Amino acid sequence: MPLHVPPAPAPALRTVLTALGSPTAVREARTPSLRTAQGPATPELPLPLHVLDRITAEGVSATRLTGWRFLMHCGGSAVAAAETRLTPDGWVFSHFFEGPYIASTERALRQAETMQQPYQPRLLSMPGLYMLTLWLHGDCTADAATGHPAATDLLVPLAPAPPGIAAHRPHRVAELLPILTTRVTPVPLLGSPA
């Protein structure tokens, strides 16, 4: 079943294309693969990037859209990513980067393409756990810039995942959040009030 990739805001895409056309932006980026690319790099597979600020025992308490991430393709594969962010003045280019999350994102998207149910792909960052997941949202018609993970949505941890969390194994939100809650909840010290 194909994924329903939401369209990125046109101004966000324009900022990435402008940065690609700037020799300074590409040269100063810490992305050797973009600097040495054989042929043009094109931004593809735009994914809204949400941040999960807090996890509570009841579930997600706060998520927010922080930007859009584009996989930069060259020669048929992703070699880097470009990120944009929303400011009070509109969408701006943030940075180019590369690393293990690029290949891991591509792998998770290929894996999701084989699922029976259609999903809207998003990225969900959990800074408190140093964890990034592919968030497969069950409502394909939803506004990609809003919402919280539903209990039946899937989260696919990207590699490298935190110790004890298997990368590329899909988890229902209702199953994974209780596990993550225990990891971010501070344990009271002996002798301190509970």
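Heavy atoms only: backbone and side chains are in, while hydrogens, waters and symmetry mates are out. Keep in mind that what you see is a predicted model, and the values were worked out from it rather than measured.
Among all heavy-atom pairs drawn from Pro46 and Val5, the shortest one is O-CG1, 3.5 Å. Residues Ala41 and Cys74 share a closest heavy-atom pair of CA-CB, 4.3 Å. Considering all non-hydrogen atoms of both residues, Pro43 and Val16 come closest at CB-CG1, 3.9 Å. Heavy-atom minimum distance, Gly67 versus Trp91: CA-CZ3, 3.8 Å. When all heavy atoms of Pro127 and Leu52 are compared, the pair lying nearest together is CD-O, 3.6 Å.
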>> Between Leu65 and Leu86, does the side chain to side chain contact (heavy atoms under 4.5 Å, CB included) criterion hold? Intermediate values first, please.
In response: CA-CA 9 Å; Leu65 178 72; Leu86 187 58; 5.6 Å; no
> Do Ile102 and Met72 pass the side chain to side chain contact (heavy atoms under 4.5 Å, CB included) test, and can you show the C-alpha distance, the side-chain angles, and the key distance before you say yes or no?
Replying inline: CA-CA 9 Å; Ile102 309 303; Met72 302 303 300; over 6 Å; no
>> Applying side chain to side chain contact (heavy atoms under 4.5 Å, CB included) to Val173 and Leu154, what does each step give before you reach the verdict?
In response: CA-CA 6 Å; Val173 168; Leu154 295 179; over 6 Å; no
>> Could you walk me through whether Leu13 and Trp68 satisfy the side chain to side chain contact (heavy atoms under 4.5 Å, CB included) test, starting with their C-alpha distance in whole Å, then the side-chain angles of each, then the deciding distance to 0.1 Å, before giving a yes or no?
In response: CA-CA 9 Å; Leu13 176 58; Trp68 282 79; over 6 Å; no
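Annotation: side chain of Leu71 is in contact with side chain of Thr105 (closest heavy-atom distance under 4.5 Å). Contact annotation: the side chain of Gln117 never approaches that of Thr152 to less than 4.5 Å [non-hydrogen atoms, C-beta and beyond].
Taking hydrophobic clusters as Ile, Leu, Val, Met, Phe, Trp and Tyr residues chained together by side-chain heavy-atom distances below 4.5 Å, Leu17 shares a cluster with Val79.
Between the CZ atom of Arg110 and the CG atom of Leu3 there is a distance of 12.0 Å, given to the nearest 0.5 Å. Taken to the nearest 0.5 Å, the CD atom of Glu83 stands 11.0 Å off from the OG1 atom of Thr15. Rounded to the nearest 0.5 angstrom, Phe93 CZ and Leu20 CG are separated by 7.5 Å. Taken from CD in Glu44 to CD in Glu106, the straight-line distance is 9.0 Å, to the nearest 0.5 Å. In this structure, His168 NE2 and Gln111 CD are separated by 7.0 Å, a value rounded to the nearest 0.5 Å. Annotation: the span from Leu49 atom CG to Trp135 atom CH2 amounts to 11.0 Å, rounded to 0.5 Å.
Scanning for side chain to side chain contact (heavy atoms under 4.5 Å, CB included) contacts around Leu176 gives Met131, Leu155, Ile165, His171, Leu180, with sequence neighbours left out.
For Arg85 (side chain) and Thr66 (main-chain N/O), no donor-acceptor pair under 3.5 Å exists by modelled atom type. Checked by atom type and distance alone, the side chain of Thr133 pairs as donor or acceptor with a backbone atom of Leu124 at under 3.5 Å. With hydrogens and angles disregarded, a donor-acceptor distance shorter than 3.5 Å links the side chain of Ser104 to the backbone of Ala159. For the pair Thr31 (side chain) and Phe96 (backbone), a donor-acceptor distance under 3.5 Å is absent.
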Counting only pairs under 3.5 Å, give me each side-chain donor-acceptor contact of residues 139-147, with atom names and distances, residues two or more places apart or in other chains.
unit_1, atom_1, unit_2, atom_2, d
Asp139, OD1, Thr141, N, 3.1
Asp139, OD1, Thr141, OG1, 2.7
Asp139, OD1, Ala142, N, 3.4
Asp143, OD1, Ala145, N, 3.0
Thr146, OG1, Asp143, O, 3.3

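Below 30°, between 30° and 60°, or above 60°: for Phe97 and His95 the angle between ring planes is between 30° and 60°, a tilted geometry.
Of the options Met115, Gln120, Arg122, a side chain to side chain contact (heavy atoms under 4.5 Å, CB included) to Leu136 is made by Met115 and by none of the others.
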